[in-house]
Amino acid sequence: MARKLGFYGALAFFVYGLFFYWYLFYFADSSLPFEYEGSRADPATFLNGRELMLSEEYSKIRNLLFFISTPFEWIFYLFILLFGLSKAFKKWADQTAPYKFLQTAIYLIWLSFFAFMATMPLSYISFSLSKTYNISTQSFSGWMKDELIDFWVNYGMMVLIVSVLYWLINKSRKRWWLYAWLLSVPFTLFMMFLQPVVIDPLYNDFYPLKNKELETKILDLASQAKIPAEHVFEVDMAEKTNALNAYVTGIGSNSRIVLWDTTLNKLTEDQILFIMAHEMAHYVEKHIYIGIGGYLLLSLLGLYLTAKLMEKAVDKWGRALKIPAVNDIRSLPLFLMILSMLLFISSPLSNLVSRYQETRADHYAIEMTKDSKAAIGTFQELTRAGLSQVNPPLLVKIFRYGHPTMLERISMLEEFEMDQRQKEREQAAD
């Protein structure tokens, strides 16, 4: 049975990979619909020939890496179970530590280390790709430092979460998923509160915006939107990337509007003000809190389905997977595999909601600034800096895009311009 599961799992991964290679490189069409040719959404109007070629190449390879990386994680966890490594990790932990918490910590350090080493080749390929196409400016040592920070931050949280999770499973085999979800609510809020001031500074330096004249203009926008902002933060990203970004992070008194320094260096003041108006829209329309609520609802459903699927999997394939019972920590790779699958399946829905919120934020920003020229220039520069496709293939949009495509965003702005001109003509006629 173990051989069959391993064979069919590897075969499914191989067929899946071939499908997406064929889809991305031979079938999918990312060309612009003819009605948009020559418009400001047409990349040929703002990218040169080399940039057009590089954006297509880079996007295809990057998208293929995305679609391969997630199921690779599933295959990794499956083989950890089938080869008896999860059983070996537990044995080593039991022999090393006398206390349950320490045994869990030792089990997790082995599992985390093997996962880190297994995924390192794909992570390095992604890093090397971004360097080749001049997206990343980071040195190998800087990249490796971030990878190690990721490892230890994730490991620390995993020790806490897994210890509590398996304590709950041992206390209540039927309702552990509900109790785990109830505990996840305050934990999620607490982590979002800490993120801007504890976790993010581990990776980058944050400081108040140094351009005080620009900060005054941004705070004036915030005042118009009735946002109680006192500072705008910038983050030193130029030593890592040429890409541009701005975002809202945190909740409560720790919420922040953050600008990458690459954005400050490459965009005009009017373009930056448009981006800031967009980010303020997320605050005004409470997108962060709506997102938290949606995440918590999905996590409730996800934990329930994970509990049911784990029970069925252990009942049917427990011997082959070397899992004696769900409440044994040897079942953790199965838990992680099922949860990852459910997250992947639900990503089209979460991306759809995110795209709707981002569209709302674009509308808010253009209504506030009334500067469609700056807005269109912003999206064109974002496309150039990230070598992104203006009109990505359908499956890429569904599974990867939490923002509208650049075609959708720029064409919306052109429609706004047309509406404004029509209103001006009507007012002049009156």
Side-chain angles (χ1 to χ4, degrees), residues 40-59 62 127 129-139 142-143 146 200 203-219 221 231-249 256-282 358 361-362 365-366 368-369 371-390 392 401-410 413:
R40 281 176 288 178
D42 186 348
T45 64
F46 60 89
L47 298 180
N48 61 41
R50 177 173 170 75
E51 288 171 335
L52 284 169
M53 178 191 70
L54 292 177
S55 67
E56 283 299 310
E57 287 180 358
Y58 179 65
S59 295
R62 185 180 58 172
F127 164 71
L129 179 71
S130 63
K131 288 278 286 186
T132 300
Y133 285 87
N134 201 34
I135 305 297
S136 173
T137 59
Q138 193 172 25
S139 65
W143 172 76
D146 284 350
D200 289 347
Y203 299 88
N204 302 291
D205 294 325
F206 292 79
Y207 32 80
L209 188 61
K210 287 179 282 192
N211 185 336
K212 295 305 176 184
E213 184 179 342
L214 177 59
E215 184 179 47
T216 299
K217 293 180 179 180
I218 292 172
L219 293 177
L221 280 180
H231 297 288
V232 177
F233 289 86
E234 62 178 285
V235 55
D236 183 12
M237 289 295 294
E239 63 181 19
K240 293 186 178 182
T241 183
N242 284 316
L244 313 179
N245 197 17
Y247 58 90
V248 178
T249 185
R256 288 180 173 181
I257 297 174
V258 179
L259 272 167
W260 285 9
D261 60 347
T262 51
T263 304
L264 292 165
N265 296 336
K266 294 183 179 181
L267 296 185
T268 67
E269 187 174 280
D270 289 339
Q271 290 170 342
I272 292 170
L273 290 175
F274 172 79
I275 288 180
M276 287 292 92
H278 172 100
E279 297 304 328
M280 289 172 192
H282 291 306
E358 295 296 336
D362 284 347
I366 193 60
M368 174 176 270
T369 62
D371 192 345
S372 58
K373 181 181 178 182
I376 290 172
T378 298
F379 292 140
Q380 290 175 338
E381 191 57 42
L382 284 168
T383 302
R384 178 183 290 107
L387 290 180
S388 55
Q389 292 172 309
V390 169
Y401 274 54
H403 289 72
T405 66
M406 289 303 179
L407 173 61
E408 293 167 337
R409 302 180 93 169
I410 295 175
L413 291 169

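Hydrogens, waters and symmetry mates play no part in the numbers below; they use all other heavy atoms, side chains included.
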Which atom names give the shortest non-hydrogen contact between Ser59 and Leu387, and what distance separates them? OG-O, 3.2 Å
Answer whether the closest heavy-atom distance between the side chains of Met280 and Ile218 falls below 4.5 Å. yes
Do Phe206 and Val258 touch side chain to side chain, with heavy atoms closer than 4.5 Å? yes
Checking Lys210 now: which residues fulfil side chain to side chain donor-acceptor pair (under 3.5 Å) with it, not counting sequence neighbours? none
Between Thr137 (side chain only) and Thr241 (backbone N and O only), is there a donor and an acceptor less than 3.5 Å apart? yes
Quick check: closest heavy atoms across Leu259 and Val232, and the distance to 0.1 Å? CD1-CG1, 4.2 Å
Partners of Tyr133 by ring-ring contact (aromatic ring centres under 6.0 Å, His included), sequence neighbours excluded? Tyr58
Which residues share a side-chain contact (heavy atoms from CB on, under 4.5 Å) with Ala361, sequence neighbours left out: His278, Ala281, His282
Note, Phe46 side chain near Val390 side chain (heavy atom, < 4.5 Å): yes
Enter the distance from Gln389:CD to Arg62:CZ here, rounded to the nearest 0.5 Å. 8.0 Å
NZ/Lys212 to CG/Leu219 distance, rounded to the nearest 0.5 angstrom? 9.0 Å
Atom CG of Leu267 and atom CG of Leu382: how far apart are they, to the nearest 0.5 Å? 6.5 Å
With sequence neighbours left out, what residues match Thr262 under side-chain contact (heavy atoms from CB on, under 4.5 Å)? Ala238, Leu244, Trp260
Quick one: side-chain contact (heavy atoms from CB on, under 4.5 Å) partners of Lys240, sequence neighbours excluded? Gln138, Asp146, Tyr203, Asn204, Met237
Tightest non-hydrogen contact, residues Ser55 and Ser388, listed as CB-O, 4.2 Å
For Arg409 and Pro404, the nearest pair of non-hydrogen atoms, with its separation, is CD-O, 3.5 Å
Is Lys266 salt-bridged to Glu381, cutoff N-O under 4.0 Å? no
Those residues at least two apart in sequence (or on a different chain) that pass ring-ring contact (aromatic ring centres under 6.0 Å, His included) with Phe127 are Trp143
To the nearest 0.5 Å, what is the distance between CD on Glu57 and CG on Leu52? 11.5 Å
Heavy-atom donor-acceptor pair, Glu51 side chain to Asn48 backbone, under 3.5 Å: yes
For Arg40 and Gln380, which heavy atoms make the closest approach, and how far apart are they? O-NE2, 3.0 Å
Main chain of Asn134, side chain of Asn242: is a donor-acceptor contact present, judged purely on distance under 3.5 Å? yes
To the nearest 0.5 angstrom, please state how far the OG1 atom of Thr369 sits from the CG atom of Asp270. 8.5 Å
Just verifying a value: how many Å separate Asp261 CG and Leu209 CG, rounded to the nearest 0.5 Å? 11.0 Å
Could you report the tightest heavy-atom contact between Phe379 and Ile410, atom names first, then the distance? CB-CG1, 3.8 Å
Taking side chain as C-beta onward, heavy atoms only, is Leu264 less than 4.5 Å from Leu214? yes
